Amino acid sequence: MDLNYLANLQKQWAAKVIIPPDDVVYAPQPDDVIFSLDIQYVDNTAFVGLDVQRYSGELMGTYVEQISVDVPYVPQFFCFREGPPLLKIIKSVQQHFNLKPDLLITDGHGIAHPRRFGVACWLGVHTLLPTIGCAKKTLLDYQGVLGKKRGSCLPVYLENEMVGKVLRTQENIKPIFVSPGHQISLSTAADMILNLAPRYRICEPLRRADQAARAYAKGSPQAGNKVCSISR
DNA sequence: GCGACAG
DNA sequence: ATCTTGTCGC
């Protein structure tokens with residue numbers, strides 16, 4: 001892997017990313033269809049899980065696809081490993097179930113990245129959809145002491161620009177790191193993730209995507225490859 | 001040896 | 001991410 005080349009590619013693609021200051025570009029609606037994604041690995045095989053729900057909370061199903069991955073994991077270059085399989089399953093579900101997502105949520109970062117180009121941005125520029133990145137660890141330093149209550153948050157800055165939020169989704173539980181990937185504001189992204197995480201540290205749709213992929217990887221193919229077809 | 005940085 | 005036992009709490 002030519003990391004210099006890939007770093008330049010990230011900077012080039014980061015210029016295409018649009019992060020609005022508020023919800024004029026995208027404002028969540030109850031009927032919005034949300035695709036949430038996570039991957040489990042077994043050697044070079046990715047078990048990609050995709051959960052479908054409306055923002056209102058209506059569950060629509062989960063889907064799992066097995067995809068071979070050859071790109072290694074390198075911190076800061078995560079998008080090149082995980083982006084392609086995620087895009088592939090999104091297109092599969094879109095075609096097979098005639099479903100159009102209004103928003104994507106993925107593991108990993110959006111613009112809270114040294115070159116403002118995490119995997120959520122990669123997905124955003126490839127789909128042109130509003131995208132949120134949700135990570136369990138940060139790549140960037142941040143200042144301050146986070147409050148203990150659910151909903152407490154601190155800004156994460158990169159070169160004097162607010163690019164992400166440290167967000168406590170449950171009281172006294174280790175926070176997560178939310179950043180927009182494309183076409184959504186930081187505050188809207190954080191609000192949505194908090195709303196989608198009423199019970200656990202990780203938001204419900206990402207947990208279901210994780211569980212579905214995990215079950216499939218362990219040998220329960222029937223446990224996850226189903227999405228209800230819907231009418232809009 | 002030290003520090004460690006998405007998954 | 002994954003490798004792994006017991007243990008604590010709801």
Side-chain angles (χ1 to χ4, degrees), chain A residues 1 3 6-7 9-11 13-14 17 36-51 64-90 104-126 131-143 150 154 156-159 163-167 169-182 186 189-190 193 197-203 205-219:
Chain A
M1 274 211 311
L3 297 187
L6 293 179
L9 211 50
Q10 287 179 317
K11 291 176 190 169
W13 286 350
V17 171
S36 302
L37 305 129
D38 188 36
I39 298 184
Q40 301 292 320
Y41 292 95
V42 177
D43 298 322
N44 285 334
T45 300
F47 293 88
V48 191
L50 188 159
D51 174 83
V64 178
E65 193 165 311
Q66 185 174 331
I67 299 170
S68 177
V69 172
D70 50 5
V71 180
Y73 166 65
V74 179
Q76 301 188 17
F77 297 88
F78 182 53
C79 64
F80 299 106
R81 171 175 169 86
E82 201 137 306
L86 294 179
L87 183 59
K88 190 176 179 191
I89 195 175
I90 289 167
L104 305 177
I105 300 175
T106 186
D107 255 20
H109 294 288
I111 60 170
H113 176 282
R115 288 171 295 283
R116 290 182 167 76
F117 201 76
V119 63
C121 301
W122 191 101
L123 272 184
V125 301
H126 283 80
T131 307
I132 299 174
C134 238
K136 300 167 201 73
K137 298 176 184 174
T138 183
L139 288 169
L140 306 172
D141 292 325
Y142 61 92
Q143 299 290 314
R150 164 178 150 84
L154 287 173
V156 178
Y157 286 93
L158 177 66
E159 296 159 0
V163 294
K165 279 188 176 177
V166 186
L167 176 64
T169 55
Q170 299 300 326
E171 185 164 340
N172 278 339
I173 299 298
K174 185 162 53 154
I176 61 171
F177 302 86
V178 179
S179 60
H182 192 53
L186 173 56
I193 294 304
R199 181 78 177 81
Y200 299 102
R201 178 185 181 223
I202 305 301
C203 65
L206 280 180
R207 293 184 78 242
R208 284 192 300 270
D210 175 86
Q211 288 165 357
R214 190 166 249 123
Y216 195 102
K218 279 196 171 185

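Here the structure is a predicted model, which means the values were calculated and not measured. So you know, we letter chains A, B, ... as the sequences are listed, proteins then strands, and number each from 1.
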Where does the chain A footprint on DNA chain C start and end, counting 5' to 3' with a 4.0 Å heavy-atom cut-off?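 Range of nucleotides touched by chain A: C/dA1 to C/dT2.
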Atom [atom1] of [X] and atom [atom2] of [N]: how far apart are they, to the nearest Å?
X	N	atom1	atom2	answer
A/His109	B/dG7	NE2	C1'	10 Å
A/Gln76	B/dC5	CD	C1'	7 Å
A/Asp43	B/dG7	CG	C1'	16 Å
A/Arg214	B/dG7	CZ	P	12 Å

With [X], which residues qualify under side-chain hydrogen bond (donor to acceptor under 3.5 Å, both in side chains), at least two apart?
X	answer
A/Glu65	A/Ser92
A/Arg115	A/Gln10, A/Gln76
A/Gln143	none

Where each residue is assigned the nucleotide of DNA chain C containing its nearest heavy atom, which of A/Arg199 and A/Tyr41 is assigned the position nearer the 5′ end? A/Tyr41
Nucleotides 2-4 of chain B: which of its N/O atoms have a protein N/O under 3.5 Å away?
none

Using the C1' atom as the point on both nucleotides, what is the distance between B/dA4 and C/dA1, in whole Å?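 Straight-line distance between the two C1' atoms is 16 Å.
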I need the full list of salt bridge (Lys or Arg N to Asp or Glu O under 4.0 Å) pairs touching residues 76-87 of chain A, with sequence neighbours left out, sorted by first then second residue. none
Per-residue pairing states of DNA chain C in dot-bracket (Watson-Crick or G-U under 3.5 Å; . unpaired, | other strand) read ..........
is_close_aromatic(A/His113, A/Trp122), centroid dist under 6.0 Å: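 Ring-ring flag for A/His113/A/Trp122: false, centres at least 6.0 Å apart.
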Considering residues at least two apart in sequence or located in another chain, which fulfil the salt bridge (charged side-chain N to carboxylate O under 4.0 Å, His left out) criterion with A/Asp107?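 If we apply the salt bridge (charged side-chain N to carboxylate O under 4.0 Å, His left out) test to A/Asp107, skipping adjacent residues, the hits are A/Lys136.
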Restricting to salt bridge (charged side-chain N to carboxylate O under 4.0 Å, His left out), what partner residues turn up for A/Lys11, sequence neighbours left out?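 Salt bridge (charged side-chain N to carboxylate O under 4.0 Å, His left out) list for A/Lys11, sorted by chain: empty.
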Anything under 3.5 Å between a donor and an acceptor, one on a side chain of residues 67-75 of chain A, the other on a protein residue two or more places apart or in another chain? List them.
none

Identify the stems formed by DNA chain B, where each pair is Watson-Crick or G-U wobble with both distances under 3.5 angstrom and a stem is at least 3 consecutive pairs.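 Expected stems, ordered by start: none at all.
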Just jot down the ring-ring contact (aromatic ring centres under 6.0 Å, His included) partners of A/Phe47, sequence neighbours excluded, or say none.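 In terms of ring-ring contact (aromatic ring centres under 6.0 Å, His included), with neighbours along the sequence ignored, A/Phe47 is linked to A/Tyr216.
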